[in-house]
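Below is one structure, written out as structure tokens, with a few remarks after it.
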Amino acid sequence: MDIALIGFGSVGKGVVQVFSKKQNQLRQKYDLSFSFKGIFTSRGAFLDSNGLDLQSILNIKDLTAHSSWKNGLSFMESIDDLDVDLVIEVTPTNIEHGEPGKSHIISSIKKGCDVVTANKGPLVVAFDELAELCRRGGCILRYEGSVGGGLPVFNLVRETLQGNTIHSLRGILNGTSNFILTQMTYERTSFESALKTAQELGYAEADPAADVEGTDAASKTVILANGLFGMNKGIDDVYIQGITKVTPEAIELAGNENFLIKHIASIEDGQIEVAPRLIQKTSPLAVDGTLNVVSLQTDLAKEITIIGQGAGGEETASAILSDVVDIHLTRKAK
Ligand code: HSE
């Protein structure tokens with residue numbers, strides 16, 4: 001498998017680390033050999049048609065000093081000359097226009113590459129367009145890492161719930177807002193103070209609007225709606241309410257009745273929403289801190305709930321790795 005990686009932030013670096021670490025295991029267990037021919041960062045690229053030495057890229061402090069470094073070179077400039085059959089796209093997300101990820105993914109599919117992405121933007125703005133391009137081109141697009149970091153939601157349904165009908169889904173899809181509500185619940189802090197702690201601990205972004213106003217969770221819910229339920233939804237179809245107006249008093253009142261206030265994403269009867277909701281303290285959705293949770297109501301298996309880390313370089317790389325292995329096994333089975 002010849003791979004190009006676009007994006008070298010915490011997820012991109014996690015991908016390089018995980019592939020480097022798991023190289024022998026992938027060969028022995030799945031007969032999967034790979035080489036990274038290009039790694040594209042925001043400042044330039046590492047290129048080697050014989051395959052990059054991943055460890056040397058991880059070790060180097062000044063990227064521009066690496067022997068494979070090409071200053072300022074972008075993926076779009078290089079794509080025609082790249083000899084790769086799989087592209088991993090993990091550039092920063094933009095849920096308004098999906099760029100630059102959307103163009104990266106479209107160009108890769110048009111070139112005949114399979115694509116693995118954790119980038120929400122392109123999936124939110126162009127899910128059907130990308131799926132249709134893949135159908136026409138006979139390519140595979142996988143996006144397990146785009147929702148819930150390391151949580152295996154799409155693969156769980158595709159690989160182990162075959163034959164089930166998924167009636168509905170509820171979950172917590174944003175670790176930052178879950179952390180803030182947890183602090184407000186157990187430390188009795190204000191929203192502002194909990195947000196400050198989340199920023200100090202590096203959970204929330206410097207601009208945490210997408211986390212606390214619900215658009216990040218809404219994007220993930222759109223991807224779940226389209227990917228699991230076959231809907232054709234966009235962000236405007238989601239009823240979104242953030243957590244900025246949740247007060248310590250409301251949390252305390254809820255607690256007195258054995259309820260928690262959680263930021264719940266739901267897909268039910270064709271409706272999708274993300275909003276603060278009361279849940280029982282004994283609910284499977286009652287997970288704390290930065291944890292994410294997804295609970296599916298299915299006809300045969302009934303309720304299935306998975307809990308785990310919804311963000312993080314290595315956790316998201318785990319989802320990306322599983323997608324790459326799945327594509328390899330699918331190709332082998334053809
Ligand atoms: N900022 C997100 C969260 C992680 O707090 O869950 C990336 O989707």
Side-chain angles (χ1 to χ4, degrees), residues 7-15 88-96 98 101 116-125 127 142-154 169-185 191-192 194-227 235 238 240-244 246 262-266 272 274-276 285 287-295 306-320 323:
F8 199 56
S10 71
V11 175
K13 288 191 180 113
V15 167
I88 300 175
E89 213 291 343
V90 290
T91 59
T93 204
N94 180 303
I95 59 162
E96 272 149 37
V116 175
T117 187
N119 189 345
K120 295 178 283 280
L123 299 164
V124 169
V125 303
F127 192 92
R142 292 270 189 265
Y143 42 84
E144 185 62 69
S146 64
V147 176
L151 279 191
V153 189
F154 298 100
L169 176 152
R170 297 184 87 206
I172 295 174
L173 301 175
N174 184 272
T176 302
S177 55
N178 199 29
F179 175 82
I180 291 171
L181 290 178
T182 304
Q183 288 286 108
M184 291 173 73
T185 304
F191 170 80
E192 288 74 20
L195 172 58
K196 194 159 165 279
T197 310
Q199 283 174 314
E200 280 163 7
L201 291 172
Y203 300 147
E205 305 295 322
D207 175 9
D211 293 317
V212 298
E213 286 168 12
T215 43
D216 176 70
S219 311
K220 293 165 181 165
T221 316
V222 166
I223 300 170
L224 288 167
N226 296 341
I235 200 90
V238 189
I240 307 173
Q241 206 183 320
I243 59 162
T244 53
V246 176
K262 290 288 184 187
H263 199 221
I264 301 294
S266 68
I272 51 182
V274 182
L285 299 178
V287 303
D288 291 328
T290 55
L291 284 173
N292 281 202
V293 55
V294 172
S295 190
I306 50 173
I307 299 167
Q309 293 302 333
E314 194 168 84
E315 291 82 349
T316 308
S318 158
I320 289 169
D323 281 341

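None of these values were measured; they are calculated from a predicted model. Here, residue 1 is the first one in the sequence, and each next residue gets the next number. Quick note: numbers below take in every heavy atom, side chains included, and nothing from hydrogens, waters or symmetry partners. Both ligands and their constituent atoms are indexed starting at 1 by order of listing.
- Among Ala118, Ser10, Gly175, Gly149, the residue whose heavy atom sits closest to atom 6 (O) of ligand 1 is Gly175.
- Heavy-atom proximity to Ala311, at under 4.0 Å, picks out these atoms of ligand 1: 4 (C).
- When non-hydrogen atoms are compared, ligand 1 lies under 4.0 Å from the side chain of Asp216 (C-beta onward) but not from its backbone.
- For Phe191, there are no ring-ring contact (aromatic ring centres under 6.0 Å, His included) partners at least two apart in sequence or on another chain.
- Annotation for ligand 1: atoms under 4.0 Å from non-hydrogen atoms of Lys120 are 7 (C), 8 (O).
- Taking the ring-ring contact (aromatic ring centres under 6.0 Å, His included) definition, one finds that Phe8 meets it with nothing, sequence neighbours left out.
- Scanning all protein heavy atoms for the shortest distance to atom 8 (O) of ligand 1 gives Lys220 NZ, 2.9 Å.
- Residue contacts with ligand 1: Asn292 is placed with no nitrogen or oxygen under 3.5 Å of a nitrogen or oxygen of the ligand (distance criterion only).
- Counting only distance, with no hydrogens or angles, the side chain of Thr117 and the backbone of Glu89 share a donor-acceptor pair below 3.5 Å.
- Taking only nitrogen or oxygen atoms, main chain and side chain alike, Tyr203 does not reach within less than 3.5 Å of ligand 1.
- Using modelled atom types, one finds no donor on one side chain facing an acceptor on the other under 3.5 Å when comparing Asp211 with Ser177.
- Lys262 is listed as a side-chain neighbour of Thr182, based on a closest heavy-atom distance under 4.5 Å.
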Checklist entry - For Glu192 and Lys196, what are the C-alpha separation, side-chain angles and deciding distance, and is it a salt bridge (Lys or Arg N to Asp or Glu O under 4.0 Å)? => result CA-CA 6 Å; Glu192 288 74 20; Lys196 194 159 165 279; over 6 Å; no
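- The option with the heavy atom closest to atom 2 (C) of ligand 1, from among Asp211, Thr290, Val212, is Asp211.
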